[in-house]
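Okay, so here's the structure we're looking at.
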There are 2 protein chains.
Amino acid sequence: MPRWPEDSRRRLVDAAISQFVDRGYAESTVENIALAAGVTPRTFFRYFADKEEVLFADDDDLLPLLIGVIAEDTGPVRADVQMRKALGTLAAAVESRRDLLKRRQRVIDSHIALSGRELAKQARWQKDVTTALIGRGFPPGQSEILAAIGFALFRQCLHAWLADDGGPGLEARVGDALSGVRSVLDVRSSR
Amino acid sequence: MPRWPEDSRRRLVDAAISQFVDRGYAESTVENIALAAGVTPRTFFRYFADKEEVLFADDDDLLPLLIGVIAEDTGPVRADVQMRKALGTLAAAVESRRDLLKRRQRVIDSHIALSGRELAKQARWQKDVTTALIGRGFPPGQSEILAAIGFALFRQCLHAWLADDGGPGLEARVGDALSGVRSVLDVRSSR
DNA sequence: ACCCTTGTGTCACTTTGTGACATCAACTAT
DNA sequence: ATAGTTGATGTCACAAAGTGACACAAGGGT
């Protein structure tokens, strides 16, 4: 049992987001963040591999949830049903954190390197989800495509949800997107 | 007309990839790369915003091609036809560079920050493609989803193509993936 | 009391990235 | 041709991001 537990970590995350939001990401130094959290810069880098990671570290909690909901049932399922369940669960888990996520997204969108990190993290999730789908009994090749499309849709909905105050909830958006994915390929351009 | 034209830039790219491949990305310093190319580190950073960018700078040529092929026709098209044409053109443009791309992909896959950069670049392309699709007459919301799915599929095929020596060509893979995307949602798991 | 673990600090160092200014060859215009 | 301009590069100084090695101190267990 740690002597001074995760307290420092949380203070670092809070200090980092605050500074990113009101000074800008590039203008915030790790030194300032660390001092604001009451630790030294060296401690920052013990918790987070680099300055970017402090924005994404908390997401790691969600992956086990996603994998769990894929693995929990047994018996044959149709892919779109499985996908609806998995993405719906993920959406529900995130729904309550909209304010925090929106602040974070503003920071991410302000610097290209950060969008890259966000996508890289999702790509690693996608690999694990693919593995879970294969474990669940889907053919490997199609599991990859399912996971790829699933994440693409989820990203899409997430960003729209964060950008559109007062619009439909995330879970609803994900549901709609899934319903529409089949027909979108049949849409025709108007000119 | 520049006095010493793009020569330095090309030498820098070559030197960088060589060093990344045989020393590893993290172990290669910008200083070494620059000296190997016969310039100073300062010059490296004039051509490339950072150490990562040297791996991706050449991709910028492909975006105009992609946008062009979407914009060139007029008249109504079905989305899947448009997508097949665009992704097919992109695949064809890349097909001949497999060796180079494969070397590069090994470097990218060896460090997470690099996959992030790759994805961030594609995300910016995706935005431009979405705009092009809207300009072509597709409804905005569906243009976004089309672009998202298109890129997800292309990435998928690209990586499979690079990983699988002697397998089908990239263009063929992209064609197959597009044909299968509709039915993949109906697939059932085996348990 | 003793060790052992664990989170943190300190220090020195490399690497990345930038701003300001100097240089020098080639092109341009008179 | 002479002068001025332009553009790529070099030089220098410096801030910020990371890292490795070692020290220290508090708590827990034997």
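The sequence lines fix the lettering, A, B, ..., with proteins before strands; numbering per chain opens at 1.
Counting to the nearest Å, the P atom of C/dG9 and the CZ atom of A/Phe45 are 14 Å from each other. The CG-C1' distance, from A/Asp7 to D/dA26, rounds to 16 Å in whole Å. As rounded to whole Å, 7 Å separates atom C1' of C/dG19 from atom CZ of B/Arg42. At whole-Å resolution of the value, CZ in A/Arg10 and P in C/dG7 are 16 Å apart. The distance from atom CD of A/Glu31 to atom P of D/dT19 is 17 Å, rounded to the nearest whole Å. Whole-Å rounding puts the B/Gln19 CD to C/dT15 C1' distance at 14 Å. Note: CG (A/Leu35) to C1' (D/dA16) measures 14 Å, nearest angstrom. Here the P atom of nucleotide D/dA17 and the NE2 atom of A/His111 are 12 Å apart, to the nearest Å.
A donor-acceptor pair is defined here as one N or O able to donate and one able to accept, closer than 3.5 Å; no such pair exists between the side chain of A/Arg117 and the backbone of A/Phe56. At least one donor-acceptor pair under 3.5 Å links the side chain of A/Arg136 to the backbone N or O of A/Asp73.
Dashed line: the shortest gap from a side-chain N or O of A/Thr40 to OP1 or OP2 of C/dG9 is under 4.0 Å. Not one side-chain nitrogen or oxygen of A/Ser8 sits closer than 4.0 Å to the OP1 or OP2 atom of C/dG7. Taking 4.0 angstrom as the limit, B/Tyr47 places none of its side-chain polar atoms (N or O) nearer than this to OP1 or OP2 of D/dA8. Contact annotation: A/Thr29 does not reach the phosphate of D/dA15 (side-chain N/O to OP1 or OP2, under 4.0 Å).
A donor-acceptor contact closer than 3.5 angstrom links the side chains of A/Asn32 and A/Thr29.
A/His111 and A/Tyr25 have tilted rings, their planes meeting at an angle from 30° to 60° on a 0 to 90° scale.
If you check D/dA17, C/dG17, C/dG7 against the side chain of B/Lys51, the one that comes closest is C/dG17. When distances are taken from the side chain of B/Asp50 to each of D/dA17, C/dC21, C/dG17, the shortest belongs to C/dG17. Picking from C/dG9, C/dG7, C/dA20 the nucleotide with the shortest atom distance to the side chain of B/Arg46 gives C/dA20.
When each of B/Gly38 and A/Ser28 is assigned the nucleotide of DNA chain D bearing its nearest heavy atom, the one mapping closer to the 5' terminus is B/Gly38. Annotation: of the two residues near DNA chain D, B/Pro41 and A/Phe48, the 5′-most nearest-nucleotide partner is B/Pro41.
Checked against salt bridge (Lys or Arg N to Asp or Glu O under 4.0 Å), B/Asp186 has the following partners two or more places apart in sequence or in another chain: A/Arg182.
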